[in-house]
Amino acid sequence: MALALAAEGARIALVARDRERLDAVAAEIGAANGQATVVPADVTSEDQVAPASRGSRRPVRKVDILINNAGVIARKPIVEFTLEEWRRVMDTSVTGAFPMCRSLVPHMRGRGTGGFST
């Protein structure tokens, strides 16, 4: 998604826990003459989401689109999951979208982006 949006001229803020993978995607975007900023953060941590939100807005100036696609999976039968593994999957794949929306949607409202308008 980031590569496709960057190819259309979007300035991209990449947010994830894995700095190495973020840097690789940013390099790929840069090699195609796009603009990408790397913002390492864990979307399940409210303490990291707020600074990540500010960090992602600074270089791109405004946020028009938020794509919540953080996710993890435990590749094993459900009966072998521990509760801790289940919580990690749910916190990242489901709950992580909430703090990102809560942090970024206020900056999108009123500009007619992100599915919001006044």
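These numbers come from the heavy atoms of this one structure, side chains and all, not from hydrogens, waters or symmetry mates.
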Check your understanding: Under 3.5 Å, is there a donor-acceptor pair between the Thr44 and Asp42 side chains?
Key -> yes
Does [X] reach the side chain of [Y], with side-chain heavy atoms less than 4.5 Å apart?
X	Y	value
Leu14	Arg21	no
Pro99	Val43	no
Pro40	Val38	yes
Ile29	Gln35	no

Review point. Nearest heavy-atom pair of Pro106 and Cys101: which atoms, and what distance?
Key: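 So the minimum-distance heavy-atom pair works out to CD-O, 3.9 Å.
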Exercise for review: Measure across Gly71 and Ser93 and return the closest heavy-atom pair with its distance rounded to 0.1 Å.
Suggested key: CA-OG, 3.4 Å
Could you measure the distance from the [atom1] atom of [X] to the [atom2] atom of [Y]? Nearest 0.5 Å is fine.
X	Y	atom1	atom2	result
Arg17	Thr92	CZ	OG1	4.0 Å
Lys76	Thr82	NZ	OG1	6.0 Å
Asn68	Phe98	CG	CZ	11.5 Å
Phe81	Arg88	CZ	CZ	10.5 Å
Asp18	Asp23	CG	CG	9.0 Å

Check your understanding: After noting the C-alpha distance and the side-chain angles of Leu5 and Ile12, does the key distance pass the side-chain contact (heavy atoms from CB on, under 4.5 Å) rule?
Key -> CA-CA 8 Å; Leu5 288 166; Ile12 306 296; 3.8 Å; yes
Check your understanding: Would you say Glu80 has more than 12 foreign heavy atoms packed within less than 6.0 Å of its CD?
Key ->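 Atom CD in Glu80 is packed in, count exceeds 12.
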Practice item. Determine whether more than 12 heavy atoms belonging to other residues, nucleotides or ligands lie under 6.0 Å from atom CD of Glu85. Key: yes
Point to revise | ILVMFWY cluster, Met90 and Leu83 together (side-chain gap under 4.5 Å) | key: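 Met90 and Leu83: one cluster.
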Exercise for review: Scan Val94, Val89, Thr95 and name whichever one has a side-chain contact (heavy atoms from CB on, under 4.5 Å) with Asp91.
Suggested key: Thr95
